[in-house]
Enquirer: 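Quick one: structure below, then a few questions.
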Amino acid sequence: MLVLTRHSGESLIIGDNIKITVIEVQGDKVKLGINAPKEIPVVRKELLEAAQSANEEAASPNVELKLLKGVLKEKNPEKS
Amino acid sequence: MIIKTKDFGNVEICEEDIVKFPHGLYGFEDSKEFVVLSDNKEDNPFMWLQSVRNIEPRFVVIDPMKIFKNYYVPPEAARPLIPIDDERDLRFLAITTVTSGAKEVYVNLKCPIVINARKNIAAQVILDIDDYPFRYYLVKREG
């Protein structure tokens, strides 16, 4: 892994068009600004991992749809 | 073309039914073609998002607006992933986890699937919105 030291306000460039700027450092928190082309998704790693495990948990259940037919009505969820 | 499904047996689909996921789904990046199958005879809000190539993966899905009428996915969330010419072309699905025997049923409102229905291209997105949880319980086992 490449390790670089940066101060507040300093940036680094990845490739031609991704810029990461250290906006603020406070204790163990770092605020980063990210400029990237819109076709490059930027997501926090723990969210991505949670999304992956949520899908793995949901994948390929041995269930029949008709078993779920009444579930939504029973729940009668609040409409926001 | 005929595809194999667990719930409905062999199902005949046509090319236009196939929804392409150029990025796959989170954790299932290699699954790039799905069809949405509903049980036409039943008035059931749940549907299958069924892989075209194999019997797995398949996911139970629901239109999140059936749960929250005002459920909103900012188009910007999907723009990096799929072409969007007109926001009105967008449809949404939320993946639903059903545990064994449907003892627990919960809907992932955090990571909806956004479909450009005109082009049949879709992507799953992650919404950084606190109101939408990974698990919105429809059935929860107590204790």
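Chain A is the first sequence line, chain B the second, and so forth, proteins listed ahead of strands; every chain is numbered from 1.
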Enquirer: Any chance you could measure Lys69(A), atom NZ, to Phe46(B), atom CZ, to the nearest 0.5 Å?
Expert: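 Reported value, rounded in 0.5 Å steps: 12.5 Å.
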
Enquirer: Is any residue of residues 16-25 of chain B within less than 4.5 Å of chain A by heavy atoms, and which ones?
Expert: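 The list, in residue order, reads Leu25(B).
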
Enquirer: Between atom CD1 of Ile82(B) and atom CD of Glu39(A), what is the distance when rounded to the nearest 0.5 Å?
Expert: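 CD of Glu39(A) is found 14.5 Å from CD1 of Ile82(B).
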
Enquirer: In terms of hydrophobic clusters joined by side-chain contacts under 4.5 Å, are Tyr132(B) and Ile62(B) together?
Expert: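 Yes, one cluster joins them.
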
Enquirer: Shorter than 4.5 Å, heavy atoms on both sides: which option in Lys110(B), Arg135(B), Glu29(B), Arg79(B) has the most such pairs with chain A?
Expert: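 Ranked by heavy-atom pairs under 4.5 Å with chain A, first place is Arg135(B).
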
Enquirer: Would you compute the distance between atom CD of Glu57(A) and atom OH of Tyr106(B) and round it to the nearest 0.5 angstrom?
Expert: 3.5 Å

Enquirer: Output yes when a side-chain donor or acceptor of Ser60(A) lies under 3.5 Å from a complementary backbone atom of Arg58(B), and no otherwise.
Expert: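 Yes, because the side chain of Ser60(A) sits within donor-acceptor range (under 3.5 Å) of the backbone of Arg58(B).
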
Enquirer: Measuring heavy-atom distances to chain B, does Val43(A) have an atom under 4.5 Å in its side chain, in its backbone, in both, or in neither?
Expert: side chain

Enquirer: Which of residues 26-37 of chain A have a heavy atom under 4.5 Å from any heavy atom of chain B?
Expert: none

Enquirer: Using a 3.5 Å distance criterion without hydrogens, assess whether the side chain of Asp7(B) forms a donor-acceptor pair with backbone atoms of Leu65(A).
Expert: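 Yes; judged by distance alone, with no hydrogens or angles, the pair exists.
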
Enquirer: Roughly how far, to the nearest 0.5 Å, is the CG atom of Asp39(B) from the NZ atom of Lys66(A)?
Expert: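 Spacing of NZ (Lys66(A)) from CG (Asp39(B)) equals 8.0 Å.
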
Enquirer: What part of Gln50(B) is in contact with chain A, defined as an atom under 4.5 angstrom from a non-hydrogen atom: side chain, backbone, both or neither?
Expert: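 For Gln50(B), neither part sits under 4.5 Å from chain A.
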
Enquirer: Under the criterion side-chain contact (heavy atoms from CB on, under 4.5 Å), I'd like the reasoning laid out for Asn55(A) against Gln124(B): C-alpha separation, chi angles, the key distance, then a yes or no.
Expert: CA-CA 10 Å; Asn55(A) 279 355; Gln124(B) 189 176 23; 2.7 Å; yes

Enquirer: Is any NZ, NE, NH1 or NH2 atom of the basic residue among Arg44(A) and Asp128(B) found under 4.0 Å from an Asp or Glu carboxylate oxygen of the other?
Expert: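 Result for this pair is yes, salt bridge flagged.
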
Enquirer: Within a reach of under 6.0 Å around CD of Glu46(A), are more than 12 heavy atoms found that belong to other residues, nucleotides or ligands?
Expert: yes

Enquirer: Do you know the tightest heavy-atom contact between Tyr26(B) and Ala51(A)?
Expert: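 Looking at all heavy atoms of both residues, the shortest contact is CD1-CB, 3.7 Å.
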
Enquirer: Cluster question for you: counting only ILVMFWY and a side-chain heavy-atom cut-off of under 4.5 Å, with indirect links fine, are Ile3(B) and Trp48(B) together?
Expert: yes

Enquirer: Can you tell me how far CG of Leu72(A) sits from CG of Leu138(B), rounded to the nearest 0.5 angstrom?
Expert: 6.0 Å

Enquirer: If you count every heavy atom of other residues, nucleotides or ligands that lies below 6.0 Å from Asp86(B) atom CG, does the total exceed 12?
Expert: yes

Enquirer: For Glu76(B), is it the side chain, the backbone, both, or neither that has a heavy atom closer than 4.5 Å to a heavy atom of chain A?
Expert: neither

Enquirer: Is Leu47(A) in contact with chain B via its backbone, its side chain, both, or neither, using a 4.5 Å heavy-atom distance?
Expert: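 For Leu47(A), the contact with chain B is made by backbone and side chain together.
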
Enquirer: Mind checking the CD-NZ spacing from Glu64(A) to Lys6(B)? Nearest 0.5 Å is all I need.
Expert: 9.5 Å

